[in-house]
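None of the values given here were measured: they were computed from a predicted structure.
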Amino acid sequence: MAILVTPETKVLVQGITGSFGARHTQLSIEYGTQIVAGVTPGKGGQFFEHAGKKVPIFDTVAEAVKETGATASAVFVPPPFAADAILEGVDAGLDLVVAITEGIPVNDMVRAKRAMEGKKTRLIGPNCPGIVTPGEGKDSHGGCRIGIAPGYIHKKGHIGVVSRSGTLTYEAVWQLTCRGVGQSTCVGIGGDPVNGTSHLDIITMFNDDPDTHGIIMIGEI
């Protein structure tokens, strides 16, 4: 068990053709994440290719969801357009949107969060490292990595990690792994004032997960 994402989660990447989005899509594919689609307006019909995998690109999230069955997205979209990208995922009925983008205007996020009220989509971030559920393979490859966290530091196990700070997330995970202590899921909720998911939301999920036996919670001054 894990929370939010599993190795079976089908993920699309919004902003897959940008340099940052492309690089982390490559790393997620190498980790074993099921990247099933990319979304870049105007580039529908093209493909993102890496490590023998050919990922179709769509103009809209709705098209990508309809064609691939994706249920989660990673947002690597520039700040002025990122709130709209989040809402596009909400309108397409995604279960989870992980917004990596830093510097989204606060007014944009207030508007986006209000528009999300009553919708099923959960938002992680913005300004976050994302989420990793480690897999069983070497360096826990074969799990699900959405975002920018280094995959190799993770190890499958029973400790849940939730943090506002990105770098302290990595530090805690690496110290656990170096001691042979694995993680169920690691979640960076982001440090922005208006975000989608709180420490308490994630801790409640960990508490309800029978395979999470302990929790590390990290804040940020």
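Side chain of Thr197 to main chain of Ile189: no donor-acceptor pair is present (N/O by atom type, distance under 3.5 Å, no hydrogens or angles). The backbone N or O of Gly147 lies less than 3.5 Å from a partner atom in the side chain of Arg145, making a donor-acceptor pair. A donor-acceptor contact shorter than 3.5 Å is absent between the side chain of Thr133 and the backbone of Cys144. Side-chain atoms of Gln46 do not come within 3.5 Å of backbone N or O of Ile57 as any donor-acceptor pair. Checked by atom type and distance alone, the side chain of Asp59 pairs as donor or acceptor with a backbone atom of Gly42 at under 3.5 Å.
Using a 4.5 Å heavy-atom threshold, the side chains of Pro126 and Met109 count as touching. At least one side-chain heavy atom of Ile148 sits under 4.5 Å from a side-chain heavy atom of Tyr170. By the 4.5 Å heavy-atom criterion applied to side chains, Ile16 and Val55 are counted as neighbours. Residues Leu176 and Val161 form a side-chain contact, since some pair of their non-hydrogen atoms from C-beta on lies under 4.5 Å apart. Side-chain contact between Leu123 and Thr121: absent, with no pair of heavy atoms (C-beta onward) separated by less than 4.5 Å.
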Got a list of side-chain donor-acceptor pairs under 3.5 Å for residues 4-12, not counting sequence neighbours?
residue, atom, partner, partner atom, Å
Thr6, OG1, Glu8, N, 3.1
Thr6, OG1, Glu8, OE1, 3.3
Thr9, OG1, Thr6, N, 2.9
Thr9, OG1, Thr6, O, 3.2

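Residues passing the side chain to side chain donor-acceptor pair (under 3.5 Å) test with Thr167, sequence neighbours excluded: none. For Arg23, there are no salt bridge (Lys or Arg N to Asp or Glu O under 4.0 Å) partners at least two apart in sequence or on another chain. Applying the salt bridge (Lys or Arg N to Asp or Glu O under 4.0 Å) test to Lys120 and every residue at least two apart in sequence or in another chain returns Asp95. Residues satisfying the side chain to side chain donor-acceptor pair (under 3.5 Å) test with Glu171, not counting sequence neighbours, are Gln175. Listed by chain and number, the residues in a salt bridge (Lys or Arg N to Asp or Glu O under 4.0 Å) with Arg122 are Asp201 (sequence neighbours excluded). Remark: Asp91 pairs with no residue by the salt bridge (Lys or Arg N to Asp or Glu O under 4.0 Å) rule, at least two apart or across chains. Residues passing the side chain to side chain donor-acceptor pair (under 3.5 Å) test with Thr177, sequence neighbours excluded: Gln183. The side chain to side chain donor-acceptor pair (under 3.5 Å) test applied to Thr60 returns Glu63, not counting sequence neighbours.
Counting only residues at least two apart or in different chains, side-chain hydrogen bond (donor to acceptor under 3.5 Å, both in side chains) contacts with residues 31-44 comprise Thr17-Thr40. Within the structure, the side-chain hydrogen bond (donor to acceptor under 3.5 Å, both in side chains) test picks out the following pairs touching residues 209-221 (sequence neighbours left out): Ser184-Thr212, Asp209-Thr212. Pairs passing the side-chain hydrogen bond (donor to acceptor under 3.5 Å, both in side chains) check and including a residue from residues 152-164, sequence neighbours excluded, read Ser163-Thr169.
The CD1 atom of Ile202 sits 10.5 Å away from the CD1 atom of Ile215 when rounded to the nearest 0.5 Å. In this structure, CZ on Phe20 lies 10.5 Å from OG1 on Thr25, to the nearest 0.5 angstrom. In this structure, Ile146 CD1 and Ser73 OG are separated by 8.0 Å, a value rounded to the nearest 0.5 Å.
Side-chain atoms of Glu30 and His50 include a donor-acceptor pair closer than 3.5 Å.
Note on Met116: it clusters hydrophobically with Val106, by side-chain heavy-atom contacts below 4.5 Å among ILVMFWY residues.
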